[in-house]
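As the structure is a computational prediction, the values presented were derived from the model and not from experiment.
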Amino acid sequence: MNLIDILIAIGSIGLVISTLPTLINKKAQVPRFTSSIPLAIILSYYIPLFVYQGLVLTAITIGFQALTWWLIAIFRPVRRPY
């Protein structure tokens, strides 16, 4: 673990915390197919890349971000155009 790993992980934790209200709020609507699912896939892709580079703490926090976005994609309704 090095300074870069710690700094990136701190930023990742902030992103997890900022997306939790969307997950917890049952009335929150997100555009599932245009942002939630692609974002979750991209974050999941980066986890093994960070581990391979030795940024394990970053990989763990990115994993929490990916998990949060997968849960948003699964449990939040899709925004309907009006």
### Query
Could you give the distance from CG (Leu43) to CZ (Phe64), rounded to the nearest 0.5 Å?
13.5 Å

#### Entry: Cluster overlap Tyr46 with Ile72, hydrophobic side-chain contacts below 4.5 Å
yes

### Query
Could you give the distance from CG (Leu55) to OG1 (Thr61), rounded to the nearest 0.5 Å?
9.5 Å

### Query
Given the rule that I, L, V, M, F, W and Y join up when any side-chain heavy atoms are under 4.5 Å apart, are Ile60 and Ile17 in one cluster?
no

### Task
May I ask whether Val51 and Leu57 are part of the same hydrophobic cluster, defined by side-chain heavy atoms of I, L, V, M, F, W, Y residues being less than 4.5 angstrom apart, directly or through others?
no

### Query
Do you see a donor-acceptor pair shorter than 3.5 Å between the side chains of Ser44 and Trp69?
no

### Message
If I compare all heavy atoms of Ala73 with all of Ile37, which pair ends up nearest, and what's the gap?
### Response
CB-CG1, 3.7 Å

### Task
Find the distance between CD1 (Ile8) and CD1 (Ile13) and round it off to the nearest 0.5 Å.
12.0 Å

### Query
In Å, rounded to the nearest 0.5 Å, how long is the span from OG1 of Thr58 to CG of Leu49?
12.5 Å

### Query
Do Ile62 and Phe50 have side chains that get closer than 4.5 Å, going by heavy atoms?
yes

#### Entry: Within-4.5 Å side-chain heavy-atom neighbours: Trp70 and Ile41
yes

### Query
Between atom CD1 of Ile6 and atom CD1 of Ile10, what is the distance when rounded to the nearest 0.5 Å?
7.0 Å

### Message
Please give me the minimum heavy-atom distance between Ile47 and Ala66, naming the atom from each residue.
### Response
CD1-CB, 4.4 Å

#### Entry: Distance (rounded to the nearest 0.5 Å) between Ile42 CD1 and Gln65 CD
12.0 Å

